[in-house]
Amino acid sequence: MSKTFKRHLITAALPYANGPVHIGHLAGVYIPADIYVRYLRMQNKDVKFICGSDEHGVPITIKARQLGVSPQDVVDKYHGIIKDAFSRFGISFDIYSRTSSKTHHKTAADFFRKLYDEGQFIEKSSEQYYDEEAQQFLADRYIVGTCPKCGAENAYGDQCEKCGSTLSPNELINPRSAISGSKPVMRETKHWYLPLDQHEEWLRKWILEDHKEWKVNVYGQCKSWLDGGLQPRAVSRDLDWGVPVPVEGAEGKVLYVWFDAPIGYISNTIELLPNEWQTWWKDENTEMVHFIGKDNIVFHCIVFPAMLKAHGDYILPENVPANEFLNLEGDKISTSRNWAVWLHEYLDEFPNQEDVLRYVLCANAPETKDNDFTWKDFQTRNNSELVAVFGNFVNRAAVLTQKYFEGKVPACAELNDYDKEVLAEIPLIKQRLEESLSSYRFREALKEAMNLARLGNKYLADTEPWKLAKTDMGRVATILNISLQICANLGVAFEPFLPFSAAKLNRMLNTEAKRWSDFGRTDLLSSGHLLGEPELLFAKVEDEAIEKQLKKLHDTKLANTATQKPVVEPQKASVTFDEFGKMDIRTVTVLEAERVPKTDKLLKLKIDTGVDVRTIVSGIAEYYSPEDMVGKQVCVLINLEPRKIKGIESQGMIMMAKGADGKMCLIQPSEGMVNGATIS
RNA sequence: GGCGCGAUAGCUCAGCUGGUUAGAGCGCAUGAUUCAUAAUCAUGAGGUCCCCAGUUCAAUCCUGGGUCGCGCUACCA
């Protein structure tokens, strides 16, 4: 059914170099990708595993500014931490490079220039915030102000970190530049857009018709975007950190990080294979697979393919297996809140237990929905699965062989029916493993590998060689031979998942790493072969280790709530009495109230201001129902410039008190007043 | 509000094409066992397959409606 490819180009999402890598990244992307790659390599497939740090974009420049260092310093630091941690964790990239490299800058610039020369972009001018003091345009992240949703100070132009709302810069109240602190002005700037709408037709066919096999979350997300109609997407930004736009008159502009980053896959391949990279990216016999998290779906399934298609001769991904998100102890993982298990810290705190984390994160990977990582589950899976099932079986076989045969593989005599039955299971397990792996079902695959160890335990329990040792050593020899062959097969089956343990197991068996094709053979260890020193494959995780981690998280939580306590906004700049006098605030009565259709928060109110009867729209539906409002007397700023909201003109603003958590309540006169009484 | 994804045993999850006695691992109970890191093996208890309607000979699965959770998106002068 599926096409056979000559080579496999596997990419894993480029980690963003403004922080270290955590368990969410691993479970979502790097562990499944690494398993897949190792599986392909064991089959002697021609495979390249490409990754690297994504080092451009605004958050990195902000972090640099906060720390008083250069953006290059920031990415140098995190690139180092990430690269080192991946390597220690056994993620087997063929190359882990970075987008600040010379090769990448040239590749990305050339890529852009070709599309530019061929008229693949549209140029558009628009008004954007400009900082006159610092003489530069301000990216969304560089504009701070009061969040219009929760009232938090210091919300960014694209997002409020306090309440998590997505914002656009002109929504911010009292916007100011994060660079100079001055009030930004609107100024015209030119940018290049990739007209995704022009690519919609072939994308629709390519994804919706030709790739129905993609995971439902990926397919559904793409369909949703396509059905909504694609819009041109800006590919440049006004910023001084990134790949400069290679066009005359584009000073101070760089490629948008989302245009730049996926080209990193190409650049890193070029760096790895300067002479033959084109075969990997342009030959139809290459299977390209992008492993990503669900936040990247649209870029890898729609934007990047459109870029590749626009460029012309590139192949498109065969599949984009995207995972959902991993939570930690019931809460969303968050870099800024330090709610995470960081890979580099894990590696220090759990030395020689790389595979435990690999096992747990694969067994509980968020393949179909968000999953939760708990330390208790980590401990249980280690102690009652890795130790009790896999480690224990290997240990039993090894110890029995030491005891009865001085550590030499005993000869296999004639097999009885039960032996045959057990051995016949191995190829079945292998087949199920292959089916799962080739359809990116890693959780299921791992479980299947574990079944091989369970088979071993059952075989020993059923045949009871320790009893037969008193009467029939020939039979004991056969049983242990078979048990050891199962051990050797475990080394093959687990190599993609637990490479460190597979290597350790091979050391214990005193044998070389095997190919995938050896899986299922029952003569992997010849009789008389001397085993290595028995050692324990896995160590127990004690309660203390778990408690230590839980305490660490608990402390993080305390630290977070402590810093969140002072929520009262500081006093604003002084105003003159004249300025205050310009505000025309009146007591008014609500005559009618109704929900604005298709919104969550809006009420449309008809009010009697004493001056007139007018309509205002207010975002209070979360706190007040229309029935609550009718007949109420409230305070309204009536000379605020009218503004259209959802097509309705709002002529004024209801005065509300806003609490720390964004909760709002009405300000009402303490006794009934005439409509139109002024407030001063 | 729109869109996408999900809801199955105490917990974590399978169930891929309507028909199965609805499954696995962990946990729990009972028994067996002692080679093994108190590990293993067997047996068992445990289910309103989120709710309501419909299609069908037959629905956990398909359709429509609803509830809850997560994500994207719109609105808060």
Side-chain angles (χ1 to χ4, degrees), chain A residues 147-151 165-166 171 173 213 215-225 227-228 294-295 297-298 324-325 327 332 363-374 376-377 380-381 383-389 391-404 435-436 439 441 443-444 446-448 450-451 454 456-469 476 479-480 483 534 536-540 595-603 616-622 636-637 640-648 650-654 656 658 662 664:
Chain A
C147 173
K149 314 203 176 187
C150 73
S165 318
T166 310
E171 285 181 86
I173 302 162
E213 80 284 6
K215 289 176 64 170
V216 283
N217 57 344
V218 177
Y219 188 90
Q221 180 102 327
C222 290
K223 186 169 188 317
S224 167
W225 273 73
D227 287 350
K294 70 173 165 183
D295 51 339
I297 289 174
V298 69
E324 301 284 304
F325 285 158
N327 293 325
K332 263 174 79 163
N364 191 29
E367 286 180 6
T368 53
K369 63 172 190 181
D370 290 0
N371 276 351
D372 197 26
F373 175 94
T374 65
K376 185 82 197 114
D377 180 63
T380 305
R381 285 194 185 272
N383 292 356
S384 58
E385 294 179 30
L386 285 180
V387 173
V389 178
N392 185 38
F393 167 64
V394 170
N395 190 235
R396 295 170 85 183
V399 168
L400 287 167
T401 305
Q402 288 299 337
K403 188 165 174 180
Y404 299 128
E435 283 166 9
S436 301
S439 46
R441 293 197 296 260
R443 251 187 341 206
E444 184 179 275
L446 181 60
K447 195 173 238 180
E448 203 53 63
M450 210 55 171
N451 281 340
R454 291 181 200 279
N457 274 322
K458 184 167 159 50
Y459 180 67
L460 284 182
D462 288 344
T463 52
E464 300 182 308
W466 49 90
K467 282 188 180 167
L468 293 172
V476 173
I479 291 166
L480 285 184
S483 298
L536 294 177
L537 207 45
F538 301 101
K540 284 210 155 190
R595 289 287 298 264
V596 177
K598 303 189 177 185
T599 66
D600 283 347
K601 302 182 183 171
L602 300 184
L603 286 187
I616 59 176
V617 176
S618 187
I620 57 174
E622 281 176 298
V636 170
L637 178 61
L640 186 66
E641 264 183 23
R643 167 153 163 163
K644 272 204 171 174
I645 300 166
K646 279 276 161 184
I648 304 162
S650 178
Q651 301 162 306
M653 183 167 84
I654 299 188
M656 306 286 294
K658 201 175 300 186
M664 303 205 289

Nearest of [options] to any side-chain atom of [X]?
{"X": "A:M653", "options": "B:rA14, B:rA77, B:rC26", "value": "B:rA77"}
{"X": "A:S384", "options": "B:rC35, B:rG27, B:rC75", "value": "B:rG27"}
{"X": "A:W466", "options": "B:rU34, B:rU12, B:rU37", "value": "B:rU34"}
{"X": "A:V399", "options": "B:rA77, B:rC35, B:rG6", "value": "B:rC35"}
{"X": "A:K332", "options": "B:rG25, B:rU40, B:rG71", "value": "B:rG71"}
{"X": "A:K369", "options": "B:rU33, B:rA7, B:rA24", "value": "B:rA7"}
{"X": "A:R381", "options": "B:rU12, B:rA14, B:rU33", "value": "B:rU12"}
{"X": "A:V389", "options": "B:rU37, B:rU40, B:rC16", "value": "B:rU40"}
{"X": "A:R454", "options": "B:rC26, B:rC16, B:rU40", "value": "B:rC26"}
{"X": "A:K294", "options": "B:rG71, B:rC5, B:rA77", "value": "B:rG71"}

Judged by each residue's nearest nucleotide on RNA chain B, which is more toward the 5′ side, A:L386 or A:L602? A:L386

Let me spell it out: for each of A:S618 and A:K458, pick the nucleotide of RNA chain B with the closest heavy atom. Which residue's pick is nearer the 5' end? A:K458

Assess whether a salt bridge exists between A:K294 and A:E324, defined as any Lys/Arg side-chain N lying under 4.0 Å from an Asp/Glu carboxylate O. yes

Does a nitrogen or oxygen in the side chain of A:S439 sit under 4.0 Å from OP1 or OP2 of B:rC16? no

Can you tell me if the side-chain N/O atoms of A:K540 get under 4.0 Å from OP1 or OP2 in B:rA39? yes

For residues A:L460 and A:P465, report the shortest heavy-atom separation together with the two atoms involved. O-CD, 3.6 Å

Closest heavy-atom pair, A:E385 versus A:M450, reported as atoms and distance to 0.1 Å, is O-CE, 3.1 Å

Could you check whether any side-chain heavy atom of A:R396 comes within less than 4.5 Å of a side-chain heavy atom of A:N457, counting everything from C-beta outward? yes

Quick one, A:L536 and A:N395 - any side-chain contact, counting heavy atoms below 4.5 Å? yes

Interatomic distance where CZ belongs to A:R396 and P belongs to B:rA38 [whole Å]: 13 Å

So what does A:K447 hit on the nucleic acid, given a heavy-atom distance under 4.0 Å: a base, only sugar-phosphate, or nothing? base

